[in-house]
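Read through the structure below, which is laid out as structure tokens, and then see the notes.
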Amino acid sequence: MTLTITNIKRSNSDKTETVTLENGVIKGWNIPAEGETIDGQGGTLAPALIELHAHLREPGQTEKEDLASGLAAAAAGGYGTVVCMPNTVPVIDDPAIVRSLIQKANGLGFARLHPAAALTKGQNGETLAELSYLKDAGAVMFTDDGRTNENARVLWLGLEYAGSLGMVVSVHAEDASLRADGVMNEGPVSEALGLPGNPAAAEAARVARDLEILAGLHAQGSGAHLHIQHLSTARALELVRGAKARGLNVTCEVCPHHLTLTDEALRGFDAIYKVAPPLRTQRDADALLEGLKDGTVDCIATDHAPHTRAEKERDLLDAPSGIAYIELAFPLMYTRFGGDLGLDKLLDLMTAGPARLMGWPAPSLEAGAPADLVVLDLETEREVSPAEFKSKAKFTPWAGEMLRGWPLLTVVGGQVAYRRE
Ligand code: DOR
């Protein structure tokens, strides 16, 4: 299959070019057009985005999302690769589930799927899952995300074992007893609203513990790799910065919702803003942005966490946590921070950054590189219109906002995975 995309630019260039794709790779630039031709409408060509943290809810919670809706949504958001989280029903802790998800996703023609598997059986936090078999089946990381790893010894053993397999362990870093039943950031806003708070210290304390576990393993010669998910506080970021300076094999991700929203959003008591870890303060968001700039943060991940509208319409105490917005993550980041970060840095945080920490080949636009590509319209402002989402969660905190940077075309393995009508 041959495909030529005409009328595209590379980032920070005004030159209009053509790229030809064949057999899943980039065949060449500005060569005579072959096969089907698609007009790139003057958009900017970049490697397709890589998402290391999405909840696609399959198996078992397909009223919230499924592989088809979630991977179609990802492709519409410019993503060519998605790592899905294992907090499903049943939990992805069995090699047969990993294999069946990969097989099903391959037939869909949207973004590629790489499942994360649970670190512990049933995400029970107590018994390690069969990590080696899960890796052989195609799992790319281990995590009990959605739950916290309360048993430090189990995390120690999991990091050590996964490290020996060359695999990343990613953690939802919150101390469960300190978080208690907090439903939002603990501070003046939670006090004003009379809602139970979840203090920044719950995240920082857990990050501090996990970094000590990692340091202890490294001292014994382990190559363990700890990845901290959805980092939300200035203090936890500071701890990661210090650990990196000491040479620890730690990486972290930050989510657009923690960069663009604060606990002030909860003043209307709308559970659409309920997420774990919670929306913090402007000071935290500013610190996270600094972390993106100075390299402390390795990548941007969305934690796309769809729930049904009925669930999110419950009151703040009862509604489940999670914000779903994989389709608008790039436009949101580009519109809010493109000027500050620069396009190349932003793309790095959403393509090469995640690839680097996973040990995957660096995404490239050179001939011979995999044809996983996105064409971005960096000029046209368009309204966020949830009714058009491919995700089953057709609501979002950013509904009605005008954003720039929308994907026009996403190509995965040389095939069209999304094209804006
Ligand atoms: O807000 C969240 N929602 N945080 C998590 O860690 C889990 C996720 C979910 O599964 O809904």
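Counting starts at 1 for both ligands and their atoms, in listed order.
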I'd like to check which ligand 1 atoms, numbered from 1 as shown, lie under 4.0 Å from a non-hydrogen atom of [X].
X    : result
V275 : 1 (O)
D145 : 6 (O)
H307 : 11 (O)
G146 : 6 (O), 7 (C)
A305 : 3 (N), 8 (C), 9 (C), 11 (O)

Protein heavy atom at shortest distance from atom 1 (O) of ligand 1: A276 N, 2.9 Å

Distance from atom 3 (N) of ligand 1 to nearest protein heavy atom, with residue and atom: S321 O, 3.0 Å

Heavy-atom donor-acceptor pair, [X] side chain to [Y] backbone, under 3.5 Å:
X    : Y    : answer
D286 : R283 : no
R57  : P306 : yes
D303 : H53  : no

One pair to check against salt bridge (charged side-chain N to carboxylate O under 4.0 Å, His left out): E238 and R241. What are the steps and the verdict? CA-CA 5 Å; E238 195 55 43; R241 189 177 280 124; 3.0 Å; yes

Restricting to pairs with a member in residues 197-207, which pass side-chain hydrogen bond (donor to acceptor under 3.5 Å, both in side chains), not counting sequence neighbours? E150-R206, E174-N198, E203-S232, E203-T233

Which one holds for D303 and ligand 1: side chain close, backbone close, both close, or neither close, with close meaning a heavy atom under 4.0 Å? side chain

Heavy-atom contacts under 4.0 Å between K274 and ligand 1: side chain, backbone, both, or neither? neither

Determine the interplanar angle of the Y334 and F330 rings, folded into 0 to 90°, and report it as parallel if under 30°, tilted if 30 to 60°, perpendicular if over 60°. parallel

Heavy-atom side-chain contact between R99 and I102 under 4.5 Å: no

So is R147 in contact with ligand 1, going by heavy-atom distances below 4.0 Å? no

Going by heavy-atom distance to atom 11 (O) of ligand 1, choose the closest among Q229, H172, H55, R57. R57

Scan side-chain atoms only and decide if S391 and E65 contain a donor-acceptor pair under the 3.5 Å cut-off. yes

